Amino acid sequence: MPSLAGKRNPNIGWLFPDPIGAGKDYYKRTGIFPIMHVTGIRRTLVEQHPWLPAAVLKAFERSKAKCLEELEDTSTSKCTLPFVEEQLKAARELMGHDFWSYGLAPNRKVLETFLRHHHGQGLSAPPGHAGGIVSPLDPRELHHLK
């Protein structure tokens, strides 16, 4: 059950009786694992600081790499989740090594599917392409941020 919402309102609960099973099934059928969060930067900030999107992406990539490095280090547990090593192995077997991918290219299918459904439910104009909602980053711009 969603942590706080279900405790305050008995009418709030999981959409599926087995959310993990439903998520795995959906991923196997579609190759899509829904995006959990997005990061936005105001256009005015990007206009003032064109390097900012690349720097933010680089910071998140570094943070994720550090987190996974810590999770993979089994010499001492980093969290109190039983079978954490097995969970990490199972996630990678199902979804590949980079299961929380960042950036447009690895998330294009997910974003375009989201935009199509968003429009289909009358929430937005017809979708163009996912690149229209994401600042284009040239990977060559990232080298100086190491």
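As the structure is a computational prediction, the values presented were derived from the model and not from experiment.
Leu57 is connected to Val46 through a chain of hydrophobic side-chain contacts under 4.5 Å among Ile, Leu, Val, Met, Phe, Trp and Tyr, so both are in one cluster. Transitive grouping of hydrophobic side chains (ILVMFWY, heavy atoms separated by less than 4.5 Å) keeps Phe83 and Met95 in distinct clusters.
Listed here is the closest heavy atom pair of Asn107 and Ser101: ND2-O, 3.1 Å. Here the shortest heavy-atom pairing between Pro53 and Ile41 reads CA-CD1, 3.9 Å.
Atom CZ of Phe60 has 12 or fewer heavy atoms from other residues, nucleotides or ligands within 6.0 Å. The number of heavy-atom neighbours closer than 6.0 Å to NZ of Lys89, taken from other residues, nucleotides and ligands shown, is 12 or below.
With a 4.5 Å cut-off on side-chain heavy atoms, Leu68 and Arg92 count as touching. Counting only heavy atoms from C-beta outward, the side chains of Leu88 and Glu85 never approach each other to under 4.5 Å.
Taking CD of Glu112 as the start and CD1 of Ile32 as the end, the distance is 10.0 Å to the nearest 0.5 Å. From Gln48, atom CD reaches atom CZ of Arg42 across 10.5 Å, with rounding to the nearest 0.5 Å. Ser63 contributes atom OG, which lies 6.5 Å from atom OH of Tyr102 (distance to the nearest 0.5 angstrom). To the nearest 0.5 Å, atom CG of residue Leu104 and atom CG of residue Leu111 are 6.5 Å apart.
Residues satisfying the side-chain contact (heavy atoms from CB on, under 4.5 Å) test with Lys28, not counting sequence neighbours, are Leu94.
Between Arg43 and Glu47 there is no salt bridge, since none of the side-chain N atoms of the basic residue sits less than 4.0 Å from a carboxylate O of the acidic one. A salt bridge links Lys64 with Asp98: the closest approach of a Lys/Arg side-chain nitrogen to an acidic carboxylate oxygen falls below 4.0 angstrom.
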Could you give me the CA-CA distance, side-chain angles and deciding distance for His119 and Ser124, then say whether side-chain hydrogen bond (donor to acceptor under 3.5 Å, both in side chains) is met? CA-CA 5 Å; His119 170 67; Ser124 62; 4.8 Å; no
Extract all donor-acceptor atom pairs below 3.5 Å that involve side chains of residues 20-27 and protein atoms in other chains or at least two apart in sequence.
| unit_1 | atom_1 | unit_2 | atom_2 | d |
| --- | --- | --- | --- | --- |
| Asp25 | OD2 | Arg29 | NE | 2.9 |
| Asp25 | OD2 | Arg29 | NH2 | 3.4 |

